[in-house]
Amino acid sequence: MRLLVTGGAGFIGANFVHQTVTRRPGVQVTVLDKLTYAGNRASLASIADRIEFVHGDIADTALVDRLVGGVDAVVHFAAESHNDNSLADPWPFIQTNIVGTYSLLQAVRRHQVRYHHISTDEVYGDLALDDPTAFSEVTPYNPSSPYSASKASSDMLVRSWVRSFGVRATLSNCSNNYGPFQHVEKFIPRQITNLIDDVRPRLYGAGHQVRDWIHVDDHNSAVWEILDRGRIGQTYLIGADGERDNKSVVQFILEAFGRDRDDFDHVTDRPGHDLRYAIDSTLLRTELGWEPEYRDFRKGLDATIEWYRDNESWWRPQKDATERAYVSAGEKVL
Ligand code: NAD
Ligand code: DAU
C-alpha cells in the first residue's frame, strides 16, 4: 500500500508515521508537510530513511494532484491546530483547513483514491459540566472558535464530496491528544516544559474546563482501524474515556515534579473558552472492535513527562518564542 500522510511532521501525524513504519512495514509512506512553526522534521529524523518527505503546501493543487496520483490512500492530518492562534489571526485556518482540504478532495476525486479525514470533537461545541450525555456521531455541529469552525467546514466539504462525487472517504473526530512530539504551545507540554525551566504552570481562568484526554498512539490505532474497515461516508468519534478538568491535570504534573499541588498561576482566560468536551466512542468500539491501550492517564502522563525531559533538544528551540507569543497576545497572571 502507498500512503500519503499530510501534516506528518506535526504532533499526531509524526506519531502516526512512526506507528505505521513500526507496525506496518509493508506500507510505503510519503509525508507532505509545509513545515509551518508547528512542523518539525526532527520528529521524523529516526525514520527518515524509511519514508519519503515532500516539503509543500496542501493548497498547492498541482503538487497535490501529482502526489495523490501516485498513492492508494491519503490520511489528512495537516492543519492549523491551535485555538489561541485562531483567535489572534484566523486567516491561516481558513486557508489551510478549508482551502487545503478542498485541494485534497479534488485530487482524490480525480484519481479515485481512498481518503481519511482527521477532525476534532470541537466541531460539536461544548457541554455543560453536569450534562450526562457525551458527543456522538449524531450530535449537531456547533463550533465556537475560528479553529473549530474551519474544521467543521472541512468536515462538511468531505461529506458533500462523498455524496455528490462518490469519493471514498471516512472521517474521524477525536478528543484532546497527549504524548511525545506535541508542540510546547499546547496545554500539557507547556506546563511540563515550564516546570523543567522552574516556571510555574499557567491555568486559563479558574481551570474548571474539562478535556477528554487520549494518548496519541490510541488515536492513531483507531485511524488505522477506520482505514482498514471503516464504512465509506461514515464519521467515527475517537475517545478513551479520559475526562479531566484542567486544574487536576496541572496538579498531576506538579506532583510528578515533586512540587506543591497549588504551585501554579491563574492567567487570563481564553475568549469563548469551551467548557467541556466528552466523547462517546461506542460506534468505533462496537463496529470496528477498537479499544485503547493507554487506560491509565497518570501513567501516560508520566511517560510523556519523561519524554520531554529526555528530548529537550527537540522542544527547546520553540520554547522562548512560544512564551513571548502568549505575552504579546495579552496573557497576564491574575
Ligand atoms: P500540529 O499543529 O502539531 O501539526 C500540524 C502539521 O500540519 C504541521 O506539521 C504543519 O507543518 C502541517 N501543516 C500546516 N499547514 C499546512 C499546509 N498548508 N500544508 C501542509 N502541511 C501543513 O497539529 P496536530 O495536533 O498534530 O493535529 C493534527 C490533526 O489532528 C489536525 O487536523 C487537528 O485538527 C486534528 N486533531 C488534533 C487534536 C489534538 O489534540 N492535537 C485532537 C483532535 C483532532
Ligand atoms: O479537542 C480536540 C482539540 O484539542 C484539537 O482539535 C486541537 O487541535 C487541540 O489543540 C486541542 O484543543 P484545546 O484548545 O482543548 O487544547 P489546548 O492544549 O490549547 O488547551 C487545553 C485546555 O487547557 C483548554 O481548556 C485551555 C487550557 N489551557 C491551555 C494552555 C495552553 C490552560 O489552562 N493553560 C495553557 O497554558
Side-chain angles (χ1 to χ4, degrees), residues 5-16 31-41 43-44 54-60 63-64 75-87 92-93 95-97 99-101 103-104 117-124 126 135 143-145 147-148 150-151 154-155 172-179 181-191 194 201-214 216 219-220 223 238-239 244-247 249-250 264-270 273-279 322-323 326 331:
V5 180
T6 72
F11 164 46
I12 306 174
N15 279 286
F16 179 82
V31 168
L32 171 60
D33 199 294
K34 191 180 175 182
L35 296 177
T36 66
Y37 79 96
N40 193 339
R41 279 200 78 164
S43 307
L44 299 171
V54 179
H55 182 196
D57 192 327
I58 53 166
D60 177 342
L63 172 66
V64 164
V75 184
H76 175 34
F77 290 96
E80 287 292 337
S81 69
H82 195 39
N83 276 296
D84 293 324
N85 294 344
S86 80
L87 297 167
F93 290 75
Q95 174 62 21
T96 285
N97 299 358
V99 179
T101 298
S103 149
L104 284 161
H117 185 72
I118 303 290
S119 193
T120 169
D121 58 358
E122 295 194 16
V123 299
Y124 301 111
D126 60 356
F135 299 140
S144 314
S145 73
Y147 161 67
S148 48
S150 68
K151 292 297 294 187
S154 70
D155 293 7
S172 56
N173 295 70
C174 187
S175 58
N176 286 63
N177 287 219
Y178 71 97
F181 299 118
Q182 188 169 28
H183 194 279
V184 290
E185 69 189 352
K186 300 296 195 311
F187 179 49
I188 288 179
R190 186 181 186 202
Q191 316 312 334
N194 275 355
R202 308 200 126 201
L203 202 52
Y204 290 177
H208 296 320
Q209 292 79 14
V210 171
R211 296 294 182 264
D212 192 350
W213 294 100
I214 180 172
V216 64
H219 180 176
N220 286 328
V223 169
I238 305 175
R244 310 270 169 192
D245 66 70
N246 292 343
K247 188 172 161 188
V249 174
V250 160
F264 61 84
D265 288 326
H266 291 282
V267 297
T268 326
D269 206 351
R270 174 184 283 170
H273 198 168
D274 278 343
L275 188 53
R276 174 173 163 242
Y277 306 140
I279 291 267
T322 303
E323 289 304 317
Y326 276 119
E331 183 178 282

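Positions are given from 1, in the same order as the sequence printed here. First listed ligand is number 1; within each ligand, the first listed atom is number 1.
Ligand 1 lies nowhere less than 4.0 angstrom from a heavy atom belonging to Pro92. Contact between Lys151 and ligand 1 is present, with at least one heavy atom of the residue lying under 4.0 Å from the ligand. The shell of residues lying under 4.0 angstrom from ligand 1, judged by heavy atoms, excludes Ala59. Remark: distances from the non-hydrogen atoms of Ala14 to ligand 1 are all 4.0 Å or more. At least one heavy atom of Leu35 sits closer than 4.0 Å to an atom of ligand 1. The closest approach between any non-hydrogen atom of Tyr147 and ligand 1 is below 4.0 Å. Distances from ligand 1 to the non-hydrogen atoms of Ser175 include at least one value under 4.0 Å.
Considering backbone and side-chain atoms together, Glu185 places no N or O closer than 3.5 Å to any N or O of ligand 2. The shortest N or O to N or O distance between Lys186 and ligand 2 is not below 3.5 Å. Of the polar atoms of Asn246, at least one N or O is found under 3.5 Å from an N or O of ligand 2, judged by distance alone. Here's the thing with Thr120: one of its N/O atoms is less than 3.5 angstrom from an N/O atom of ligand 2. Looking at ligand 2, you won't find any N or O of Gln209 less than 3.5 Å from one of its N or O atoms. Looking at Phe187 next to ligand 2, an N or O pair under 3.5 Å apart turns up. Any N or O atom pair closer than 3.5 Å counts here, and Asp84 shares no such pair with ligand 2. For the pair Glu331 and ligand 2, the shortest N or O to N or O distance does not fall below 3.5 Å.
The proximity of Asp121 to ligand 2, defined as any non-hydrogen pair under 4.0 Å, is limited to the side chain. Here Gln191 has side-chain heavy atoms under 4.0 Å from ligand 2, and that is the only part of it that gets that close. Residue contacts with ligand 1 for Asp121 are absent, since no atom lies close enough (heavy atoms, distance under 4.0 Å). Only the side chain of Arg190 comes within contact range of ligand 2, with a heavy atom under 4.0 Å; no backbone atom does. When non-hydrogen atoms are compared, ligand 1 lies under 4.0 Å from neither the backbone nor the side chain of His76.
Using the six-membered ring where Trp is involved, His183 and Tyr37 have ring planes that are perpendicular, over 60° apart on the 30 and 60° scheme. The aromatic rings of His273 and Tyr204 lie perpendicular to each other, with more than 60° between the two planes, well past the 30° mark.
Listed by number with element, the atoms of ligand 2 under 4.0 Å from a non-hydrogen atom of Arg202 are 32 (C), 33 (O), 34 (N), 35 (C), 36 (O). Counting atoms of ligand 1 from 1 in the listed order, those under 4.0 Å from a heavy atom of Ala78 are 7 (O), 21 (N), 22 (C). Residue contact check: Ile118 has heavy atoms under 4.0 Å from atoms 29 (C), 30 (O), 32 (O), 35 (C) of ligand 1. The Tyr326 neighbourhood of ligand 2 comprises atoms 31 (C), with distances under 4.0 Å to a heavy atom of that residue. Counting the atoms of ligand 1 from 1 in the order shown, those under 4.0 Å from a heavy atom of Ser119 are 43 (C), 44 (C). Listed by number with element, the atoms of ligand 1 under 4.0 Å from a non-hydrogen atom of Asn176 are 40 (O). Remark: ligand 1 atoms within the under-4.0 Å shell around heavy atoms of Gly56 are 19 (N), 20 (C). Applying the 4.0 Å criterion to heavy atoms of His82 picks out, from ligand 2, the atoms 19 (O). Interface atoms of ligand 1 facing Phe77, defined by a heavy-atom separation under 4.0 Å, are 28 (C), 29 (C), 31 (C), 32 (O). Residue Tyr277 approaches ligand 2 through these ligand atoms, each under 4.0 Å from one of its heavy atoms: 1 (O), 15 (O).
By the 4.5 Å heavy-atom criterion applied to side chains, Arg202 and Tyr326 are not counted as neighbours.
Atoms CZ and CG, on Arg276 and Asp126 in that order, are 10.0 Å from each other to the nearest 0.5 Å. Remark: Asn173 CG to Ile279 CD1 distance equals 7.0 Å, nearest 0.5 Å.
The backbone N or O of Ser175 sits less than 3.5 Å from a side-chain atom of Asn177, completing a donor-acceptor pair. For the pair Ser86 (side chain) and Tyr147 (backbone), a donor-acceptor distance under 3.5 Å is present. Checked by atom type and distance alone, the side chain of Asn97 pairs as donor or acceptor with a backbone atom of Glu80 at under 3.5 Å.
In terms of protein heavy-atom proximity, atom 4 (O) of ligand 1 is closest to Gly10 CA, 3.3 Å.
By heavy-atom distance, the residue among Ala79, Ala38, Ser81, Gly39 lying nearest atom 5 (C) of ligand 1 is Ala79. Of the candidates Asn173, Thr120, Asn177, Val75, it is Asn177 that places a heavy atom closest to atom 40 (O) of ligand 1. With distances taken over non-hydrogen atoms, the option nearest atom 30 (C) of ligand 2 out of Tyr204, Phe264, Trp213 is Tyr204.
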TODO: List the steps, then state whether side-chain hydrogen bond (donor to acceptor under 3.5 Å, both in side chains) holds for His117 with Thr101.
DONE: CA-CA 9 Å; His117 185 72; Thr101 298; 4.8 Å; no

